[in-house]
Amino acid sequence: MQYTEKRMGGTRLRLAHNQPSVVGSDGKVITVTPWLAPIVWEGTFDPTLIDSIYKQQNITIATTVFALGKYTQFLKDFLESAEQNYFVGFCVHYYLFTDQPQQVPKLKLGEGHQLTVVEVPSSNRWQEITLRRMERLEKLIESRLINEADYVFSLDVDTKFYGRWGTESLGRLIGVIHPGYYQTPREQFPYERRPESQAFIPRAEGDYYYGGAVIGGLVKDVYEVAKTCRKQLDIDAAKSIEAAWQEESHLNKYFLYNKPSKVLSPEYLWQDLKARTNEVKIIRFSQVIKNYAAVRPNP
Ligand code: UDP
Ligand code: MN
């Protein structure tokens with residue numbers, strides 16, 4: 001079935017396609033997307049081999065983390081567990097945005113790892129904090145990362161690493177499959193469904209539901225994500241419309257039209273409160289259980 005869609009000033013022809021599976025009917029995981037991007041699962045790569053390839057390239061991986069208000073309480077576990085698991089042996093530069101620099105735990109970082117604290121004003125709305133992340137990422141890339149890093153990941157802080165997260169996750173543009181929806185029909189994805197929003201996705205479209213807790217890739221490509229989402233968020237804000245899942249909704253829209261070159265399986269974004277499933281052999285990074293009322297500045 002073919003249909004045309006008008007967008008960004010031009011008319012383009014699009015082919016409707018079926019929703020890609022993440023787990024096959026035989027229970028085996030799918031390791032490639034229909035646009036030939038790898039889906040990274042345990043068993044699909046050799047860590048020693050893949051590290052040796054990147055070792056020769058002398059790369060720096062910038063990593064942005066936001067901890068404002070009560071979210072500074074997550075920093076210790078986040079950083080300590082990252083130091084055990086996240087790009088061990090490679091150059092990592094954390095850029096930590098916070099309104100309370102004195103709350104940043106003093107930690108001895110592994111070799112080649114460094115941390116820069118960026119002080120930002122506090123906010124009394126969590127929606128504002130999460131929405132501003134795109135803008136801050138955009139500005140940081142412009143002012144520093146363009147010169148200081150090769151790859152960048154933006155990660156949620158209310159998380160913990162439990163297993164290796166290394167060079168297998170590197171690529172031009174990286175998205176992670178949200179652990180809550182990888183076996184859900186796309187009509188039921190929590191995409192933004194109001195056409196008035198820039199994040200709108202029709203029921204018949206969509207590949208995966210990507211988690212907003214992880215964005216990554218080459219600095220230049222992540223810059224395009226951040227800039228585009230920031231602009232779309234601004235357009236929505238001017239119309240007093242806030243997408244269902246804020247920047248996650250805009251990220252999903254971006255990835256629908258700009259496909260990731262590599263997709264991380266839910267091993268790279270689990271939830272502590274979610275029961276383990278057969279297909280997930282190892283949990284590498286997981287959202288910790290939090291009491292929303294106790295950690296967020298507003299309901
Ligand atoms: N955040 C923050 N302070 C807040 C709310 C959010 O620093 O008061 C940052 C923090 O980095 C967090 C991210 O925004 O990991 C996303 O917000 P949250 O984790 O609350 O969203 P969820 O993962 O629950 O959708
Ligand atoms: Mn979170």
Side-chain angles (χ1 to χ4, degrees), residues 62-82 86 94-105 115-140 152-162 165 175-182 184 189-192 199 208-216 222 225-226 229-230 233 242-253 255 264 266 268-274 283-299:
T63 302
T64 61
V65 195
F66 291 76
L68 283 87
K70 294 186 180 144
Y71 279 59
T72 53
Q73 67 187 268
F74 299 115
L75 276 173
K76 188 166 183 291
D77 280 0
F78 174 88
L79 288 170
E80 280 180 2
S81 65
Y86 184 70
Y94 301 101
Y95 296 82
L96 173 48
F97 291 79
T98 183
D99 53 351
Q100 304 152 81
Q102 71 287 357
Q103 296 293 328
V104 177
L115 188 151
T116 299
V117 176
V118 185
E119 189 168 356
V120 291
S122 53
S123 170
N124 49 19
R125 277 189 82 235
W126 64 265
Q127 293 92 338
E128 178 71 18
I129 295 172
T130 65
L131 292 170
R132 291 287 296 249
R133 284 198 295 176
M134 287 294 185
E135 186 182 344
R136 296 215 158 99
L137 178 59
E138 179 190 1
K139 298 280 176 299
L140 181 76
V152 54
F153 277 100
S154 168
L155 302 174
D156 261 24
V157 74
D158 55 326
T159 51
K160 232 175 128 166
F161 292 86
Y162 295 107
W165 178 315
V176 64
I177 298 176
H178 192 294
Y181 303 98
Y182 66 88
T184 303
F189 283 168
Y191 290 153
E192 173 56 53
Y208 307 106
Y209 188 78
Y210 299 96
V214 176
I215 311 171
V222 175
V225 180
C229 290
R230 192 266 305 156
L233 286 158
E242 194 168 83
W245 291 97
Q246 293 83 35
E247 85 287 15
E248 183 172 84
S249 305
H250 290 272
L251 181 69
N252 272 280
K253 177 73 174 259
F255 281 157
L264 304 179
Y268 291 81
L269 184 63
W270 201 248
Q271 289 166 328
D272 281 359
L273 56 72
K274 191 175 160 64
I283 294 168
R284 305 171 189 279
F285 184 60
S286 180
Q287 299 165 276
V288 301
I289 297 168
K290 65 179 186 286
N291 175 347
Y292 282 93
V295 295
R296 283 182 170 174
N298 62 305

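In listed order, ligands and their atoms are each counted from 1. Note: hydrogens, waters and symmetry copies are ignored here, and every other heavy atom, side chains too, is used. Computed from a predicted structure; not experimentally measured.
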For the pair D272 and Y162, evaluate side-chain hydrogen bond (donor to acceptor under 3.5 Å, both in side chains) and give the outcome as yes or no after the intermediate values.
CA-CA 11 Å; D272 281 359; Y162 295 107; 3.0 Å; yes
Does R125 come within less than 4.0 Å of E242, counting only side-chain N to carboxylate O?
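A salt bridge is present here (some side-chain N lies under 4.0 Å from a carboxylate O).
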Protein contact of atom 10 (C) of ligand 1 - nearest heavy atom, named by residue and atom, plus distance:
F66 O, 3.3 Å
Walk me through whether Y86 and T63 qualify under side-chain hydrogen bond (donor to acceptor under 3.5 Å, both in side chains).
CA-CA 10 Å; Y86 184 70; T63 302; 2.8 Å; yes
Between the Mn ion (ligand 2) and D156, which N, O or S atom of the residue is the nearest one?
OD2
As a quick check of understanding, evaluate side-chain hydrogen bond (donor to acceptor under 3.5 Å, both in side chains) for Q127 and N298, giving each step before the final call.
CA-CA 9 Å; Q127 293 92 338; N298 62 305; 3.1 Å; yes
Yes or no: does Y292 have any heavy atom under 4.0 Å from an atom of ligand 1?
yes
Passing candidate, side-chain contact (heavy atoms from CB on, under 4.5 Å) with F153, options T64, V65, V214:
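With F153 as partner, side-chain contact (heavy atoms from CB on, under 4.5 Å) holds for just one option, V214.
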Of all heavy-atom pairs linking F255 and G175, the shortest is CE1-CA, 3.7 Å
In terms of heavy-atom contacts, A243 and H250 come closest through CB-NE2, 3.7 Å
Side chain, backbone, both or neither: which applies to R133 and ligand 1 if a contact is any heavy-atom pair less than 4.0 Å apart?
side chain
Out of F97, F78, F74, Y71, whose heavy atom is nearest to atom 2 (C) of ligand 1?
Y71
Atom indices of ligand 1 within 4.0 angstrom of D158 heavy atoms, with elements
12 (C), 15 (O), 19 (O), 23 (O)
From the candidates L75, I129, L131, V288, the one that places a heavy atom nearest atom 1 (N) of ligand 1
I129
Polar proximity ligand 1 side, D156 side, N/O cut 3.5 Å exclusive
yes
For A67, counting its heavy atoms only, list the atoms of ligand 1 lying under 4.0 Å from any of them.
7 (O)
Any N/O of V157 closer than 3.5 Å to an N/O of ligand 1?
yes
What do you reckon, does V295 have a nitrogen or oxygen under 3.5 Å from a nitrogen or oxygen of ligand 1?
no
State if P297 counts as touching ligand 1 under the rule of any non-hydrogen atom under 4.0 Å.
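Yes.
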Heavy atom of the protein closest to atom 7 (O) of ligand 1 (residue, atom name, distance):
L68 N, 2.8 Å
T130 heavy atoms within 4.0 Å reach ligand 1 at atoms 6 (C), 14 (O), 16 (C), 17 (O)
Apply salt bridge (charged side-chain N to carboxylate O under 4.0 Å, His left out) to the pair K253 and E192, showing each step before the final yes or no.
CA-CA 9 Å; K253 177 73 174 259; E192 173 56 53; over 6 Å; no
Is the NZ or CZ atom of R284 positioned over W165's six-membered ring, under 6.0 angstrom from the centre and within 45° of the axis?
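Judged by the rule (NZ or CZ under 6.0 Å from the ring centre, within 45° of its axis), R284 is not positioned above W165.
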Under the criterion side-chain hydrogen bond (donor to acceptor under 3.5 Å, both in side chains), I'd like the reasoning laid out for E248 against Y210: C-alpha separation, chi angles, the key distance, then a yes or no.
CA-CA 8 Å; E248 183 172 84; Y210 299 96; over 6 Å; no
With heavy atoms of R296 as the reference, note each atom of ligand 1 found under 4.0 Å away.
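Within the 4.0 Å cut-off of R296, ligand 1 contributes 18 (P), 20 (O), 21 (O), 22 (P), 24 (O).
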Would you please determine whether G69 falls within less than 4.0 Å of ligand 1 on a heavy-atom basis?
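Distance cut 4.0 Å: G69 fails for ligand 1.
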Exactly one of K290, Q73, Q287 should register a side-chain hydrogen bond (donor to acceptor under 3.5 Å, both in side chains) with D158. Which one does?
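Option passing the side-chain hydrogen bond (donor to acceptor under 3.5 Å, both in side chains) with D158: K290.
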Hey, looking at atom 22 (P) of ligand 1, which of Q287, K290, E248 has the closest heavy atom?
K290
